[in-house]
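As a basis for the values below, the full set of heavy atoms in this structure was taken, side chains included, without hydrogen atoms, waters or symmetry mates. Note on naming: letters A, B, ... go to the chains in the order of the sequence lines (proteins, then strands), and numbering restarts at 1 for each one.
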Number of protein chains: 2
Amino acid sequence: MNGIRLSIQPRKWYLNGMLQDAALDSPDERNGSARARGSTVEHVFLHLKDGILCGRYAPGQRLIEADLTRDLGVSRGPLREAFRRLSAEGLVESVPNKGAIVRRLSARQTQDLFDIRTALEGLAARLAAQKVADPQVRAEFERAIAPIWIEEPRDVAVTYLDENRIFHQAVADASGNEQLSSLVRQLQLPLIMFQLSGALTSETLRLSNQEHRAVARAILEGEGERAGALMQAHLDRARRFADNLPRGVFRDGER
Amino acid sequence: MNGIRLSIQPRKWYLNGMLQDAALDSPDERNGSARARGSTVEHVFLHLKDGILCGRYAPGQRLIEADLTRDLGVSRGPLREAFRRLSAEGLVESVPNKGAIVRRLSARQTQDLFDIRTALEGLAARLAAQKVADPQVRAEFERAIAPIWIEEPRDVAVTYLDENRIFHQAVADASGNEQLSSLVRQLQLPLIMFQLSGALTSETLRLSNQEHRAVARAILEGEGERAGALMQAHLDRARRFADNLPRGVFRDGER
DNA sequence: CGTTCAATATTGTCCTACAAAATTAGAAAG
DNA sequence: CTTTCTAATTTTGTAGGACAATATTGAACG
């Protein structure tokens, strides 16, 4: 009694990032074999990623191959390839003979993830403070983090989570270490489930934003050590916050 | 003129970790379809991983699907699945429409990787020093790192690289953070190319071993901060060492 | 209410096929 | 002889069908 099987709005694809209707872009419908090569996996991947992040696929839900191949109109090969990419990003986990299920972190795993993020993003902030000496990096960084300076209070949690993700990614990108950047992206994704927790208060968001600003200022002033320490303190507070979430958010039993 | 296509010793598999001859374990030879389920991908994966780490497949070499399916006697599905796993471990990279090639790091990527490892393994050492209070963790840790106390001088570089890998993994495992443990494993693998550099002197190995011992002692004494600092210093030295390797070891051009 | 076992659902693997892209070889031009 | 363009070959991306092994479900039974 664990397979929930949400139905998917039928026959829509993401093609190069744009949402399109299926019938409009398949020139010959007789077997649907004529789609831009190399894009099929990407379609499936983006559809599932988006679906997981938006909650269309719930944590713990099994992703049945037959259902998805039917609903998305692709064969099992590309679907499995997409599963594997999602697995690499930490959004699903593959269990032998059971297939792919939407990842659901235990409280312990969440804490562990925060420990890792603290170390890596502390490093990223330190490196970023060095790299902002380069005008191009500085310009790109300032452009990316612009939203954090907006004064209006954040009331919609979902919107703020996006702002949060963008800030952390901007710091990582400014570090100039591409592998670090992609690791940070990968480690941030599985935590999106907080979207569903509803525990983010307006005050929490304000505090988080203030910490973001402090980190950003330290980076822009080139003070690497301080930026790293501030980022670590920020993530440490987030870790404690996550530890106080209701147990229901996490995978059953474990604590 | 880049596809080298080394030939593979024909028809051998790894079955449950044991090397076996093909003819001995395929009950019906008509199409070879009867092998333990879920093991095919593992066979291919281990064969390729072993081959890459042993240099049987050279960095930069293309892995042609047709050749491998023929030589290993598997179909393209499992082979591609194995490619994806190797890609996740950072041993190969997949280029669209060109397939899988054995990964070759640039000097810059190598430095970046060391930065990340320094942060993560410093954390691992710090955590491990806390966790060794648990007798079971302590026992397992001491068992795993036993080789570092052997007094004989290390002359064979390949053997020492294995000892090195085992030590770093043991620290990560002792941290009690499974995700950290798997990250450390993943980040360590791509650096195996140093095996081929031949730049490891007997003196280098001795120094590295001494640093390992210092880290181990700090962990066993429960001094987390010191253990973390020592581990970071150790990796920092390794980073500088790697920076002085001949350029030919790295991907052409980049520095 | 709990267990056992058959029916069903689902995955792992194989095969074949074909179009798209990349690579190589060969021909033509300089 | 070298270079460049074109055609043939190779190789990958994807579809679709097939079947056995494993998981899951549901029903009968105690």
Side-chain angles (χ1 to χ4, degrees), chain A residues 1-5 11 13 15 22 25-45 47 60-87 92-102, chain B residues 1-5 13 15-16 22 25-45 47 60-87 92-102:
Chain A
M1 192 77 60
N2 50 4
I4 304 177
R5 285 217 212 169
R11 306 237 105 206
W13 324 84
L15 184 61
D25 83 315
S26 61
D28 63 342
E29 192 63 27
R30 51 181 199 275
N31 60 2
S33 68
R35 183 160 42 257
R37 232 175 86 92
S39 66
T40 305
V41 174
E42 197 69 9
H43 294 163
V44 179
F45 173 72
H47 171 88
Q61 177 184 350
R62 277 184 72 181
L63 299 174
I64 308 295
E65 292 183 4
D67 294 356
L68 292 171
T69 53
R70 178 168 29 75
D71 294 337
L72 294 175
V74 300
S75 63
R76 287 172 71 195
L79 178 61
R80 284 161 145 269
E81 168 75 26
F83 280 170
R84 214 221 115 268
R85 287 199 206 171
L86 290 165
S87 171
V92 311
E93 43 193 335
S94 292
V95 185
N97 291 320
K98 285 189 60 176
I101 69 178
V102 181
Chain B
M1 192 84 50
N2 51 4
I4 304 177
R5 286 216 208 168
W13 325 83
L15 184 61
N16 299 328
D25 83 312
S26 62
D28 60 345
E29 192 62 28
R30 52 181 200 275
N31 60 2
S33 69
R35 181 160 44 255
R37 232 173 86 92
S39 67
T40 304
V41 174
E42 197 68 9
H43 294 164
V44 179
F45 173 72
H47 171 89
Q61 178 184 350
R62 277 183 72 181
L63 299 173
I64 309 293
E65 292 182 6
D67 294 356
L68 293 171
T69 53
R70 178 167 31 76
D71 294 336
L72 295 175
V74 299
S75 64
R76 288 173 69 196
L79 177 61
R80 283 162 146 268
E81 175 69 26
F83 280 169
R84 296 173 204 131
R85 287 198 205 173
L86 290 165
S87 170
V92 310
E93 42 193 336
S94 292
V95 184
N97 292 321
K98 285 190 60 176
I101 68 178
V102 181

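- Rounded to whole angstrom, the span from the CD atom of A:E42 across to the P atom of D:dT14 amounts to 10 Å.
- For B:R62 and C:dA21, the CZ to P distance is 16 Å, given to the nearest whole Å.
- Closest non-hydrogen pair, A:F83 versus A:V92, comes out as O-CG2, 3.6 Å.
- For A:R76 against C:dT13, a side-chain-to-base donor-acceptor contact under 3.5 Å is present.
- Of the possible donor and acceptor atoms, one in the side chain of A:R62 sits under 3.5 Å from a partner among the backbone N and O of A:K98.
- Using modelled atom types, no side-chain atom of B:R84 and backbone atom of A:R84 make a donor-acceptor pair closer than 3.5 Å.
- One can place CG of A:L63 at 13 Å from P of C:dT10, the figure rounded to the nearest angstrom.
- Here the closest non-hydrogen pair linking A:V44 and A:A82 is CG1-CB, 3.6 Å.
- The two residues A:I101 and A:G60 come nearest to each other via the heavy atoms CB-O, 4.3 Å.
- Summary for the helix from C:dC1-D:dG30 to C:dG30-D:dC1: the axes at its two ends, each from 5 pairs, differ by 10° when rounded to the nearest 10 degrees.
- Nucleotide D:dT12 holds its P atom 14 Å from the CD atom of A:E81, rounded to whole Å.
- Put simply, CZ on A:R84 is 18 Å from P on C:dT11, counting in whole angstrom units.
- Atom CD in B:E65 sits about 15 Å away from atom C1' in C:dC15, given to the nearest Å.
- A:L68 has its CG atom 17 Å from the C1' atom of D:dG16, to the nearest Å.
- Comparing C:dA22, C:dG12, C:dT13 against the side chain of B:P78 picks out C:dT13 as the nearest.
- B:R80 places its CZ atom 15 Å from the C1' atom of C:dC14, with the value rounded to the nearest Å.
- If you check every strand for non-hydrogen atoms under 4.0 Å, B:L79 touches nothing.
- Set against D:dT12, D:dA15, C:dT13, the side chain of B:S75 has C:dT13 as its closest nucleotide.
- Mapped onto DNA chain D by nearest heavy atom, A:P96 and B:N97 fall at different nucleotides, with B:N97 at the one closer to the 5' end.
- The salt bridge (charged side-chain N to carboxylate O under 4.0 Å, His left out) check on A:R85 picks up A:E42, A:E81, with sequence neighbours excluded.
- For the pair B:L72/B:H47, a side-chain contact is recorded, criterion being any heavy-atom separation below 4.5 Å from C-beta on.
- A sub-4.0 Å separation between OP1 or OP2 of D:dT14 and a side-chain N or O of A:T40 is present.
- Taking only side-chain nitrogens and oxygens, B:K98 never comes nearer than 4.0 Å to OP1 or OP2 of D:dG13.
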